[in-house]
Amino acid sequence: DRQISRLAKNTTQRDQDMKTETSITPEKVISRVHKAAELLKTRGQRGLSILRDPTSAFNEDDAYLFIIDVENSLVVSNPVFPERNGGNIREHPDWSGKRYGIELYDVAMKGGGWIEFVWPKPGTDKGVRKIAYIYPVPGLRYTVCSGIYNDTLSIDSLNSLSVTSR
C-alpha cells in the first residue's frame with residue numbers, strides 16, 4: 001500500500017511538473033499575438049477567419065486570441081466566448097464587474113501593453129486573475145489580444161518584458 005501510495009504521489013507530482021513545464025509563458029503570448037497580427041496584415045479577412053477558428057493553433061489552449069476593432073470598440077473575434085462577438089468591448093464587465101474593455105481600449109491607443117482583469121478559465125465559471133497582452137496591428141483597425149491566468153506577475157514587469165520582445 002505504501003509503495004502504491006508513493007507511486008501515485010510521484011505520478012501526481014510528475015503530472016504537475018509537466019503542466020508547469022508546458023504552460024504558456026508571457027513571452028509565448030507576445031510571440032503568438034505578433035504572429036497573429038502579421039497574419040492579419042498579410043492575409044486580411046482570410047487571416048481573420050483563421051484566427052476566429054476555435055480549432056486553430058492560435059487558440060489551442062487557455063491563451064486563445066481575441067480581436068478588437070478599436071475604431072468601433074467592437075469584439076471582432078472571441079472563439080472561446082463567441083457570445084462576446086459583435087459586442088462593445090467598452091461595455092463588457094469582467095467577473096468582478098470592472099469594465100476591463102475601457103482599459104484595454106486605452107492601452108491599445110497608447111501602442112499596446114498588458115492589463116489585468118477577472119475572467120473564468122475556459123470550461124469553468126469561476127473568475128480568476130487573467131493578464132492579457134494587447135497589441136494594435138500597425139496600419140489596421142484591429143487590436144490582437146491574448147492572455148494567461150496568473151496571480152503573481154506584475155503588470156509593470158510584464159510591460160517591461162513586452163518592450164524588450166518587440
Side-chain angles (χ1 to χ4, degrees), residues 18-19 21-95 98-124 127-150 153 155 157-166:
M18 286 175 60
K19 285 180 185 172
E21 290 172 7
T22 60
S23 66
I24 192 157
T25 64
E27 294 87 354
K28 287 180 184 175
V29 168
I30 293 168
S31 175
R32 182 181 291 179
V33 165
H34 285 251
K35 286 177 185 171
E38 186 61 28
L39 183 64
L40 280 172
K41 275 191 80 101
T42 59
R43 305 277 307 272
Q45 288 298 314
R46 177 66 188 127
L48 184 57
S49 294
I50 293 167
L51 299 174
R52 281 182 169 153
D53 181 353
T55 64
S56 159
F58 286 96
N59 299 309
E60 64 187 4
D61 50 35
D62 288 350
Y64 59 89
L65 295 174
F66 53 106
I67 301 169
I68 310 300
D69 173 341
V70 289
E71 285 180 8
N72 298 303
S73 298
L74 292 177
V75 177
V76 175
S77 173
N78 188 327
V80 175
F81 293 94
E83 66 276 8
R84 297 281 178 158
N85 293 338
N88 183 335
I89 189 63
R90 299 175 124 215
E91 301 290 322
H92 289 180
D94 72 359
W95 256 233
K98 170 184 161 184
R99 287 196 173 159
Y100 71 97
I102 294 171
E103 185 180 8
L104 185 155
Y105 178 86
D106 290 343
V107 168
M109 298 313 292
K110 292 176 185 172
W114 291 83
I115 66 168
E116 64 183 336
F117 52 97
V118 179
W119 203 254
K121 289 183 178 182
T124 72
V128 294
R129 181 179 185 246
K130 183 171 186 170
I131 51 176
Y133 180 62
I134 314 304
Y135 181 69
V137 182
L140 298 179
R141 67 179 191 261
Y142 296 126
T143 293
V144 180
C145 315
S146 181
I148 55 177
Y149 299 90
N150 180 285
L153 297 170
I155 296 299
S157 67
L158 289 164
N159 280 325
S160 295
L161 174 66
S162 56
V163 169
T164 60
S165 295
R166 286 187 189 171

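In this text, all values refer to a predicted model and were calculated from it rather than measured experimentally.
Taking the salt bridge (Lys or Arg N to Asp or Glu O under 4.0 Å) definition, one finds that Glu83 meets it with nothing, sequence neighbours left out. Listed by chain and residue number, nothing satisfies the side-chain hydrogen bond (donor to acceptor under 3.5 Å, both in side chains) test with Ser56 (two or more places apart in sequence, or in another chain). Residues satisfying the side chain to side chain contact (heavy atoms under 4.5 Å, CB included) test with Pro82, not counting sequence neighbours, are Asn85. For Arg90, the side chain to side chain contact (heavy atoms under 4.5 Å, CB included) partners are Ser73, Asn88, Ile102, Tyr105, Asp106, not counting sequence neighbours. Under the rule for a side-chain hydrogen bond (donor to acceptor under 3.5 Å, both in side chains), Lys121 has no partner lying at least two apart in sequence or in another chain. Residues meeting the side-chain hydrogen bond (donor to acceptor under 3.5 Å, both in side chains) test with Ser157, sequence neighbours left out: Ser154.
Scanning both residues, Pro136 and Ala108, for their nearest heavy atoms gives CG-O, 3.4 Å. Taking both residues in full, the closest heavy atoms of Asn78 and Phe81 are given as OD1-N, 2.9 Å, listed atom of the first, atom of the second, then distance. Gly113 and Val107 get closest at one heavy-atom pair: N-CG1, 3.4 Å. Annotation for Ala132 and Phe117: closest pair CB-CE2, 3.7 Å, computed over non-hydrogen atoms. The nearest pair of heavy atoms linking Val33 to Cys145 is CG2-C, 4.1 Å. Val29 and Ala63 get closest at one heavy-atom pair: CG2-CB, 4.3 Å.
Between Val80 and Asn59, the closest side-chain pair of non-hydrogen atoms is not below 4.5 Å. Between Ile134 and Ile115, the closest side-chain pair of non-hydrogen atoms falls below 4.5 Å. Within the 4.5 Å cutoff, the side chain of Lys130 has no heavy atoms near those of the Trp95 side chain. A heavy-atom distance below 4.5 Å is not found between the side chains of Pro79 and Leu65.
Rounded to the nearest 0.5 Å, atoms OH (Tyr133) and CD1 (Ile30) are 5.5 Å apart. Put simply, OG on Ser160 and CD1 on Ile155 are 11.0 Å apart, with the number rounded to the nearest 0.5 Å. Note that CG of Leu104 and CD1 of Ile89 are 5.5 Å apart. Values are rounded to the nearest 0.5 Å. Atoms CD1 and OG, from Ile148 and Ser23 in turn, are 7.5 Å apart once rounded to the nearest 0.5 Å. Between the CG atom of Asn150 and the CD1 atom of Ile131 there is a distance of 4.5 Å, given to the nearest 0.5 Å.
Using modelled atom types, one side-chain atom of Tyr149 and one backbone atom of Pro120 make a donor-acceptor pair closer than 3.5 Å.
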Just list the side-chain donor-acceptor pairs under 3.5 Å for residues 46-53, sequence neighbours left out, or say none.
unit_1	atom_1	unit_2	atom_2	d
Ser49	OG	Gln45	O	3.2
Arg52	NE	Val76	O	3.2
Arg52	NH2	Val76	O	3.2
Asp53	OD1	Thr55	N	2.8
Asp53	OD1	Thr55	OG1	2.7
Asp53	OD2	Thr55	OG1	3.1

Candidate pair Thr143 and Ile67, rule side chain to side chain contact (heavy atoms under 4.5 Å, CB included), full reasoning: CA-CA 6 Å; Thr143 293; Ile67 301 169; over 6 Å; no
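Residue pairs meeting the salt bridge (Lys or Arg N to Asp or Glu O under 4.0 Å) criterion with at least one partner in residues 63-75, sequence neighbours excluded, are Asp69-Arg141. Applying the side chain to side chain donor-acceptor pair (under 3.5 Å) test to residues at least two apart or on different chains, the pairs with a partner in residues 110-120 are Tyr64-Trp119, Glu116-Arg129. Within the structure, salt bridge (Lys or Arg N to Asp or Glu O under 4.0 Å) pairs that include any residue of residues 29-43 comprise Arg32-Asp61 (at least two apart or interchain).
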